[in-house]
Amino acid sequence: MKVFLYVKEESKRLKNKNFLLLGDLELYVHTLLKLKDFDVYLDTDSSKVYNRCSSDRSLSHVTCYMRDEKYISMELADSENSPALLMIKDFLDEHVTDDDEPVILTHVTSPFLKVSTMLDAVKKLDKYDSVCSVSEIKSFVLRQDKDNIFTPINFDPGILQKTQSLDSIFYMNSAFFIFTKRSFLENNNRIGKNPFYYKINFPEDLDIDHAEDYEIAKHVTEKRLFSKNLASRRNLVSRNYKNKDSIFNISGVQFGGASIPIIAGPCSVESRDQLFRIAEKVKMRGADMLRGGAYKPRTSPYSFQGLGEEGLKILSEARDYFNLPFVTETIDESSALLAVKYGADILQIGARNMQNYSLLKFIGRLNRPVILKRGMSATLEEFLMAAEYLMLNGCKKVILCERGVRGFSKHSRAILDIGIIPAVKRESHLPIIVDPSHSSGYNYSVSSHALGGVAAGAAGLIVEVHDRPEEALSDGIQALLPDQFDELVKKVKMFEKILNQ
Ligand code: PEP
Ligand code: MN
């Protein structure tokens, strides 16, 4: 089947329109590639387009012509003799011998138009002279005149006012015209006497004409590339690779199943006495695992940096004494190796290291369970791809952790993005837990963040608890007191029951 299109170097409404990038392809190339199963005839006034079509092997289905002078000089002619009509007529004369052969006229500014839609539309030529694409306007439109009278208008997106619902109205969307040589020559236009109006829907109908259209197209493209990326079988984190929720049993604690495990303990291990006191208190109140940092990535190099190996030793002693598996942050290769040496049940990768790809690869190869915290400004894709690094390198048990993203106001340390929980669950089989301590930053709101996370579907919590927060060497302000922790655990257990009903 033959497709005819024209591409201009310049566009009056949107500068450089045909050369704008969508994904990594220029708009016109994007569309031409899609038409690879057709005989494509392209008329252009752009030597850039002409040269590309003549040299790019992936465009060998395109026969390209430099625009004839006569079409250019007719630019201002009346509509009946417009250069476009003349161009089509000449094209039909030269290339179409069968009067009843369907010919498709399309243009490169509808990047999401599907070939299958056009082929379906072609079938309408059985009963109609021609087919032309239309789109529905869903906007509710009234025009206000100078006497303040409102009248419904048909369409003019430039002056829309959304005030009330009207029946659907349509506008001609020139995504495609399909006609035969016979109809075109008889009527001297693309639509003919008896056209079929073929309705197409967003995003297929998006015709890039203005800057806003391009913004929408970019957005749609990114979303598609993104879900293609995520959905790809190659991605171990994706639901495509594994549809069922992953359930990890880590030292007897289950993540991703029906229960909501709670990891609790101080921000930092400060001393044997401090950790043992707190471990005992959280254990008594129902914690499933102990947390404590031995290596602390601190904003100021003058702040307490953690006890290092000594801290790991204390953690492993506390684990054995209280029978409480422990989670600890590792910040580089040597701290990761030491954490493994002291038997850390889960290695934590902190928000600041979420995109430290060499660390992710290294820790992945250790094949230990990992809690991967979301970077403070990481998108869902960046977050999941960081987890992909771990899995690709051998880590089988990755638990994601939302801990708040950078915001603009000071009432909390970060903004707990509970919205990422359903989004992660949609894309990935990995469990996601919530750290309400680092998102809240203040003792009084930690429990609200925690319960918000649980209600949104978090698979667990990691919470900072301190019995003497005023003495804490890091994050004292956000530490829950043991009694507050007690209350939180009780509420989480209630939620757990409700969610499992
Ligand atoms: C922590 O858990 O103590 C910590 C530093 O967390 P984050 O990496 O989320 O800031
Ligand atoms: Mn902390």
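Computation of the quantities below employed the complete heavy-atom set of this structure, encompassing side-chain atoms and omitting hydrogens, waters and symmetry-equivalent molecules. Start at 1 and go down the list; that is how both ligands and their atoms are numbered. Given the structure is predicted, the values throughout are model-derived calculations rather than measurements.
Below 30°, between 30° and 60°, or above 60°: for F19 and Y28 the angle between ring planes is above 60°, a perpendicular geometry. The aromatic rings of F112 and H30 sit perpendicular to each other, their planes meeting at more than 60°, with 30° as the lower class boundary.
Using a 4.0 Å cut-off between charged nitrogen and carboxylate oxygen, D345 and R368 do not count as a salt-bridge pair. The residues D205 and K199 are annotated as not salt-bridged, no charged nitrogen and carboxylate oxygen being separated by less than 4.0 angstrom. Salt bridge annotation for E215-K218: present, with a cationic side-chain nitrogen under 4.0 angstrom from a carboxylate oxygen. The pair R272-E317 meets the salt-bridge criterion, since a charged nitrogen lies less than 4.0 angstrom from a carboxylate oxygen.
With no hydrogens or angles considered, a side-chain donor-acceptor pair links E309 and Y342 at under 3.5 Å. In the model, K242 has a side-chain atom that pairs as donor or acceptor with a side-chain atom of S246 under 3.5 Å.
At the top of the distance list for atom 9 (O) of ligand 1, counting protein heavy atoms only, stands R403 NE, 2.6 Å. The protein non-hydrogen atom at the shortest distance from atom 4 (C) of ligand 1 is H438 NE2, 3.4 Å. In this structure, the protein non-hydrogen atom closest to atom 6 (O) of ligand 1 is K373 NZ, 2.9 Å. Among all non-hydrogen protein atoms, the one lying nearest atom 5 (C) of ligand 1 is E329 OE1, 3.6 Å.
Heavy-atom contacts of E464 reach the following atoms of ligand 1: 3 (O) (cutoff under 4.0 Å). Of all atoms in ligand 1, listed by their number and element, those nearer than 4.0 Å to a heavy atom of C267 are 3 (O). Below 4.0 Å from some heavy atom of G350 lie the following atoms of ligand 1, by number and element: 8 (O). Listed by number with element, the atoms of ligand 1 under 4.0 Å from a non-hydrogen atom of R291 are 1 (C), 2 (O), 3 (O). Ligand 1 places these atoms under 4.0 Å from at least one heavy atom of K296: 1 (C), 3 (O).
A cation-pi arrangement is absent between R365 and F362, since the terminal nitrogen or guanidinium carbon is not both under 6.0 Å from the aromatic centre and inside a 45° cone about the axis.
Comparing heavy-atom distances from atom 8 (O) of ligand 1 across P266, S439, A351, G293 singles out A351 as nearest.
No side-chain heavy atom of T328 sits less than 4.5 Å from a side-chain heavy atom of R291.
Distances from the Mn ion (ligand 2) under 2.8 Å pick out these protein N/O/S atoms: C267 SG, H438 NE2, E464 OE2, D475 OD2.
By the ring-ring contact (aromatic ring centres under 6.0 Å, His included) test, F248 is found to be paired with no residue, residues two or more places apart in sequence or in another chain being considered.
Considering backbone and side-chain atoms alike, Q348 places an N or O below 3.5 Å from some N or O of ligand 1.
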